[in-house]
2 protein chains.
Amino acid sequence: MSIDRHLLLLGLLRAQEMHGYQLNEFIDQQMNFCVDLKRSTAYYLLDKLCRDGYVAEEVEREGNRPERRVYRITPAGEVHFQDLLRQNLSTYVPPVYAEDIGAIFEHHLAAEESLRLLNARREAIQSHRARLEVLHARLPISHTAVIEHHLLHLDAEITWVDQMIAARSTPSPLKIAHHVAPDDPPARHE
Amino acid sequence: MSIDRHLLLLGLLRAQEMHGYQLNEFIDQQMNFCVDLKRSTAYYLLDKLCRDGYVAEEVEREGNRPERRVYRITPAGEVHFQDLLRQNLSTYVPPVYAEDIGAIFEHHLAAEESLRLLNARREAIQSHRARLEVLHARLPISHTAVIEHHLLHLDAEITWVDQMIAARSTPSPLKIAHHVAPDDPPARHE
DNA sequence: AGAGATATACTCAGTTCTGATTATTCAACT
DNA sequence: AGTTGAATAATCAGAACTGAGTATATCTCT
């Protein structure tokens with residue numbers, strides 16, 4: 001949702017006025033592990049926040065360098081920030097997990113290949129988790145909660161992959177209702 | 001990522017040729033708990049898959065009803081489906097969690113309000129979890145793995161919220177480095 | 001001091017996504 | 001038999017997003 005990106009930018013500009021490039025550098029260096037925001041998207045969002053009156057733009061000219069738009073949060077932006085923050089903290093919007101789609105169609109592959117692929121994923125998760133643990137030490141204490149959050153979900157993900165692998169390893173636990181199509185048969189009328 | 005939506009549509013059309021409305025009905029009724037795909041987006045994607053040659057469109061005219069484009073997967077689409085499925089199963093793309101952004105700025109609120117908001121979120125997660133458990137019984141066995149997946153992540157999420165609540169409940173565990181700004185100070189040059 | 005590489009700072013055209021709307025058919029009711 | 005309301009089926013303008021590109025400044029090495 002774009003609204004959380006608004007919250008992010010407002011929160012950062014609230015702590016310190018910045019121009020687009022500076023903001024992008026900060027996000028890339030400090031927050032790449034928890035936000036996915038392309039540079040051009042950040043510029044787009046800054047412009048959007050500006051048009052909506054939540055931040056003010058001021059052209060800065062340092063030395064002989066030409067433009068450089070510096071953004072600072074406005075009073076309206078401060079109010080909006082608080083609204084978005086309260087909204088964010090008090091609700092839960094279930095994310096969409098890409099893995100679900102694969103899980104739905106996984107049985108179309110041979111068990112052997114399926115297991116090979118799922119094991120590859122398991123390793124990918126593990127190595128991602130290892131990278132996060134390294135970050136844990138390198139990043140400021142303010143990020144600890146976010147890292148813990150990711151670690152919890154990564155562990156959940158590993159548990160799930162292991163369940164999938166286990167289910168695929170045993171030939172077929174029990175096939176009572178063998179007449180029910182294993183896939184999704186959307187056939188209705190006609 | 002749009003690529004998983006492609007996988008979804010190809011997978012569904014693979015099982016059964018369909019027109020857009022039919023596809024949307026199916027997704028809304030059977031998969032709303034794990035995919036978020038607007039109706040107009042589905043039409044857009046069908047058109048895209050068609051332009052890319054992965055599905056073929058055939059205008060159907062039943063009775064005096066006019067339009068109604070029926071989509072059927074092509075051989076190229078079948079190959080693409082398998083590619084996307086293997087890609088999906090063998091990799092892990094860490095999702096972006098909206099809650100992270102709130103966690104980063106949470107300390108800007110008074111502890112009391114923060115706790116109230118987080119408790120509201122905790123209830124939201126719990127009630128979502130309860131809804132899922134109900135679905136568990138109602139949906140076909142093919143969805144079991146996906147539901148288990150969500151339940152695992154929901155439990156992780158509850159654990160994390162509880163950690164946040166606990167951390168905010170105790171006044172302030174230890175404040176050794178009190179000179180370090182609790183927020184993100186992106187100031188560098190200039 | 002000039003050439004090439006890297007860093008700074010942003011723009012733009014094209015893609016993807018969605019809320020609002022259109023248009024027709026069918027069922028139900030008066 | 002006409003009117004209202006729901007269901008069916010899809011379109012479209014506009015918003016959100018991004019990869020590729022532009023342009024200047026500074027740094028490095030010879």
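Source: prediction; values computed, not measured. By convention in this document, chain letters (A, B, ...) are assigned in the order of the sequence lines, proteins followed by strands, and residues within each chain are numbered from 1.
- Both tests pass for B:R39 against the ring of B:Y21: distance under 6.0 Å to the centre and angle within 45° of the axis.
- Under a 4.5 Å side-chain heavy-atom criterion applied to ILVMFWY residues, the cluster that includes B:Y97 comprises A:Y97 as well.
- Here A:R121 pairs with nothing under the salt bridge (charged side-chain N to carboxylate O under 4.0 Å, His left out) rule; sequence neighbours left out.
- The separation between B:R51 atom CZ and C:dG14 atom C1' is 12 Å, rounded to whole Å.
- Distance CD1 (A:I27) to P (D:dT18): 12 Å, rounded to an integer number of Å.
- In this structure, CG of A:D47 is placed 16 Å from C1' of D:dT18, rounded to the nearest angstrom.
- Contacts of A:N24 classified as side-chain hydrogen bond (donor to acceptor under 3.5 Å, both in side chains), with partners at least two apart in sequence or in another chain: none.
- Summarising the geometry, the separation between CG on B:L49 and P on C:dT15 is reported as 15 Å, rounded to the nearest angstrom.
- Within residues 93-101 of chain A, no residue has any heavy atom closer than 4.0 Å to DNA chain D.
- For the pair B:I3 CD1 and C:dT15 P, the computed distance is 15 Å after rounding to whole Å.
- Counting non-hydrogen atoms under 4.0 angstrom, B:T41 reaches a base of the nucleic acid.
- Regarding B:L45, its CG atom lies at a distance of 8 Å from the P atom of C:dT16, rounded to whole Å.
- Residues forming a salt bridge (charged side-chain N to carboxylate O under 4.0 Å, His left out) with B:D83 (at least two apart in sequence, or on another chain): none.
- Between the CZ atom of B:F26 and the C1' atom of D:dA7 there is a distance of 20 Å, rounded to whole Å.
- For A:R72, the salt bridge (charged side-chain N to carboxylate O under 4.0 Å, His left out) partners at least two apart in sequence or on another chain are A:E17, A:E58.
- Residues B:H108 and A:F81 are in side-chain contact: their nearest non-hydrogen atoms beyond the backbone lie under 4.5 Å apart.
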Would you give me the side-chain donor-acceptor pairs under 3.5 Å for residues 133-140 of chain A, sequence neighbours excluded?
{"from": "A:E133", "atom 1": "OE2", "to": "A:R129", "atom 2": "NH1", "distance (Å)": "2.5"}

Identify each atom pair where a protein N or O and an N or O of nucleotides 10-12 of chain C are less than 3.5 Å apart, giving names and distance.
{"from": "C:dC10", "atom 1": "OP1", "to": "A:R69", "atom 2": "N", "distance (Å)": "2.6"}
{"from": "C:dC10", "atom 1": "OP2", "to": "A:G20", "atom 2": "N", "distance (Å)": "3.3"}
{"from": "C:dC10", "atom 1": "OP2", "to": "A:Y21", "atom 2": "N", "distance (Å)": "3.2"}
{"from": "C:dC10", "atom 1": "O3'", "to": "A:R69", "atom 2": "NH2", "distance (Å)": "3.0"}
{"from": "C:dT11", "atom 1": "OP1", "to": "A:R69", "atom 2": "NH2", "distance (Å)": "2.9"}
{"from": "C:dT11", "atom 1": "OP2", "to": "A:R69", "atom 2": "NH2", "distance (Å)": "2.9"}

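- Looking at residues two or more places apart in sequence or on another chain, you find no ring-ring contact (aromatic ring centres under 6.0 Å, His included) involving A:Y71.
- Side-chain N/O atoms of B:R5 include one lying less than 4.0 angstrom from OP1 or OP2 on C:dT18.
- Atom CG in A:D4 sits about 11 Å away from atom P in D:dC17, given to the nearest Å.
- Look at B:Y44 and you won't find any side-chain N or O under 4.0 angstrom from OP1 or OP2 of C:dC17.
- The side chain of B:K38 lies closest to C:dG19, out of C:dG19, D:dA16, D:dG19.
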